[in-house]
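For reference, the structure discussed in these notes is given below.
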Number of protein chains: 2
Amino acid sequence: MNPFIKREYDYAIRICAYLAGQKPDKAIPLSRIVKLLAIPKPFATKIAHKLKKADVTATVQGKNGGIYLAKDSKKLSILDILKAMNFDSTLNECIYHHDICPLVGFCHIHNFFRDEERRLLKNFENKKIADLAIKMNDMSKIVNTNT
Amino acid sequence: MNPFIKREYDYAIRICAYLAGQKPDKAIPLSRIVKLLAIPKPFATKIAHKLKKADVTATVQGKNGGIYLAKDSKKLSILDILKAMNFDSTLNECIYHHDICPLVGFCHIHNFFRDEERRLLKNFENKKIADLAIKMNDMSKIVNTNT
DNA sequence: TTAAATATTACCCACACGGTATAATATAAC
DNA sequence: GTTATATTATACCGTGTGGGTAATATTTAA
């Protein structure tokens with residue numbers, strides 16, 4: 001319940017992690033990725049679109065087309081991907097939405113969560129997608145859930 | 001949007017922080033707290049009830065009654081309060097809900113968020129409500145928003 | 001020309017969160 | 001004993017939004 005990382009964000013990271021484990025610049029059809037990673041295709045379509053708009057990925061249209069990483073996977077951070085997806089989660093709304101708390105300017109609760117969130121986002125920035133790459137030999141371990 | 005700390009949790013922490021700044025064992029009427037901290041009263045009522053059920057606070061009924069901390073504020077952690085409120089947020093649902101990700105057992109994404117969440121909750125455990133206490137002289141700084 | 005891929009837009013639905021309403025119960029003070 | 005002021009308890013509601021679907025257009029290799 002109530003995830004900081006929405007499904008949408010998680011799927012975006014998964015897609016990028018998969019691409020990071022493939023040969024660079026090789027376009028992979030979304031349909032294939034979708035099956036391997038168990039992402040609903042129409043949903044994946046929307047996500048792929050956002051990633052492209054933010055230049056995280058690039059696509060090749062038409063038959064034999066597909067999607068590939070437009071950035072160096074060693075430099076592409078989790079935070080980059082979240083931002084591409086218009087990341088808007090927060091640990092506590094009081095951090096940004098000042099009018100929900102009367103303790104303006106000195107609230108220790110506010111400060112505590114603000115600091116925690118900063119640290120968290122810093123870690124998201126330090127973590128690169130290359131570190132999370134999904135490799136082919138990993139994929140073989142996937143339990144086949146098809147009927 | 002999409003806070004890890006729901007309003008409910010934030011209010012609960014605020015109430016406890018306020019009580020931690022008062023004389024121990026002195027029952028304070030919710031109605032007073034509610035005004036000072038800008039919490040809708042019926043909502044505060046529900047929250048107070050949960051806190052009491054978890055023995056974080058205790059109450060005195062009847063006229064001149066109120067609520068007070070039932071624990072040593074130096075030992076009462078943010079995590080304790082969250083648990084009292086049936087905390088159910090997570091950084092990423094994939095951490096607990098295994099069937100939403102086919103990469104069972106070895107997924108680096110899963111592991112990354114699991115570790116981040118552990119660290120976060122550890123910090124919530126280390127932070128005690130005494131550290132966040134709302135003192136009277138702080139309250140004087142509150143901007144009066146009444147009309 | 002066709003098949004297979006992405007691009008784009010519009011739509012839907014369930015559910016949880018924040019909040020409200022109401023009535024019951026307890027008790028200190030007079 | 002009565003009253004005013006608390007907490008207790010339960011039931012209800014509206015709206016936003018997250019997750020997902022549908023349908024169609026467009027591109028391009030074969």
Side-chain angles (χ1 to χ4, degrees), chain A residues 1-12 14-15 19 26-35 37-55 57-68 70 82 85-90 92-94 97 99-101, chain B residues 1-12 14-15 19 26-35 37-54 57-68 70 85-90 92-94 97 99-101:
Chain A
M1 313 285 147
N2 213 46
F4 189 70
I5 301 296
K6 304 178 192 172
R7 296 281 5 85
E8 193 187 8
Y9 304 154
D10 182 57
Y11 288 156
R14 246 190 251 179
I15 290 171
L19 293 176
K26 190 194 167 198
I28 312 222
L30 246 196
S31 50
R32 180 134 117 255
I33 300 176
V34 146
K35 272 181 209 151
L37 302 183
I39 304 174
K41 178 154 187 202
F43 200 10
T45 293
K46 269 203 295 196
I47 292 166
H49 190 218
K50 282 193 195 174
L51 289 175
K52 186 191 175 179
K53 253 199 328 201
D55 291 319
T57 59
T59 55
V60 174
Q61 279 200 357
K63 190 169 177 181
N64 292 350
I67 184 175
Y68 60 96
L82 292 177
M85 299 299 296
N86 304 315
F87 178 70
D88 68 346
S89 297
T90 178
N92 190 340
E93 288 197 329
C94 87
H97 221 232
D99 53 338
I100 65 176
C101 177
Chain B
M1 313 286 149
N2 213 44
F4 189 70
I5 301 296
K6 304 177 192 172
R7 296 286 359 84
E8 194 187 9
Y9 304 155
D10 182 57
Y11 289 157
R14 244 191 251 179
I15 291 170
L19 293 176
K26 188 193 168 199
I28 312 223
L30 245 197
S31 50
R32 180 136 116 254
I33 300 177
V34 146
K35 273 181 209 151
L37 302 183
I39 304 174
K41 179 151 187 203
F43 201 9
T45 292
K46 269 203 291 197
I47 292 166
H49 189 217
K50 282 193 195 174
L51 290 174
K52 184 189 177 182
K53 253 200 326 201
T57 59
T59 55
V60 175
Q61 279 200 357
K63 191 170 177 180
N64 294 350
I67 185 176
Y68 59 95
M85 299 299 296
N86 304 315
F87 179 70
D88 68 345
S89 297
T90 178
N92 190 340
E93 288 198 330
C94 87
H97 222 233
D99 52 338
I100 65 177
C101 177

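Below, chain A is the first sequence line, B the second, and so on; all start at residue 1.
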Inter-residue atom distance B/Met85.CE - B/Lys46.NZ, 0.5 Å rounding: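 If we round to the nearest 0.5 Å, B/Met85:CE and B/Lys46:NZ are 9.5 Å apart.
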Any [X] side-chain heavy atom under 4.5 Å of [Y] side chain:
{"X": "A/Arg7", "Y": "B/Ile100", "value": "yes"}
{"X": "A/Leu82", "Y": "A/Ile5", "value": "yes"}
{"X": "A/Ser89", "Y": "A/Tyr9", "value": "yes"}
{"X": "B/Glu8", "Y": "B/Tyr11", "value": "no"}

Report yes if at least one side-chain N or O of [X] is closer than 4.0 Å to OP1 or OP2 of [N]; otherwise report no.
{"X": "A/Thr59", "N": "C/dA5", "value": "no"}
{"X": "A/Tyr9", "N": "D/dG18", "value": "no"}
{"X": "B/Lys6", "N": "C/dC17", "value": "yes"}
{"X": "B/His49", "N": "D/dT7", "value": "no"}
{"X": "B/Lys52", "N": "D/dT7", "value": "no"}
{"X": "B/Asn64", "N": "C/dA29", "value": "yes"}

Rounded to whole angstrom units, what separation is found between the [atom1] atom of [X] and the [atom2] atom of [N]?
{"X": "B/Asp88", "N": "C/dC17", "atom1": "CG", "atom2": "C1'", "answer": "11 Å"}
{"X": "B/Lys50", "N": "C/dC17", "atom1": "NZ", "atom2": "C1'", "answer": "11 Å"}
{"X": "A/Ile47", "N": "D/dG18", "atom1": "CD1", "atom2": "P", "answer": "13 Å"}
{"X": "B/Gln61", "N": "C/dA26", "atom1": "CD", "atom2": "C1'", "answer": "5 Å"}
{"X": "B/Leu30", "N": "D/dT7", "atom1": "CG", "atom2": "P", "answer": "5 Å"}
{"X": "B/Arg7", "N": "C/dA16", "atom1": "CZ", "atom2": "C1'", "answer": "16 Å"}
{"X": "A/Asp10", "N": "D/dG20", "atom1": "CG", "atom2": "C1'", "answer": "16 Å"}
{"X": "B/Ile39", "N": "D/dT7", "atom1": "CD1", "atom2": "P", "answer": "13 Å"}

Counting heavy atoms from C-beta on, name the nucleotide in [options] closest to the side chain of [X].
{"X": "A/Thr45", "options": "D/dG18, C/dT8, C/dT20", "answer": "C/dT8"}
{"X": "B/Asn2", "options": "C/dA5, C/dA21, D/dG18", "answer": "D/dG18"}
{"X": "A/Pro29", "options": "C/dT6, D/dA4, D/dG19", "answer": "C/dT6"}
{"X": "A/Lys41", "options": "C/dG18, C/dT6, C/dA3", "answer": "C/dT6"}
{"X": "A/Lys63", "options": "D/dG20, D/dA30, C/dG18", "answer": "D/dA30"}

Looking only at non-hydrogen atoms, find the nearest pair between B/Ser31 and B/Lys41 and report the distance.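 Here B/Ser31 and B/Lys41 meet closest at CB-NZ, 4.0 Å.
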If you look at every strand shown and take non-hydrogen atoms under 4.0 Å, does B/Pro40 touch a base, only sugar-phosphate, or nothing?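 Contact class for B/Pro40: sugar-phosphate only.
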Looking for any heavy atom pair under 4.0 Å, which part of the strands does B/Pro42 touch: base, sugar-phosphate only, or nothing?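 The answer is base, as B/Pro42 lies within the cut-off (heavy atoms under 4.0 Å) of a base atom.
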On the side chain of A/Lys46, is there an atom forming a donor-acceptor pair with the base of D/dG20 - under 3.5 Å, no angle test?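 Checked by distance alone, the answer is yes.
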On DNA chain C, does the nearest nucleotide to B/Phe43 precede the nearest nucleotide to A/Ile28 from the 5' side, or the other way round? Give the residue.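 In this pair, the answer is A/Ile28.
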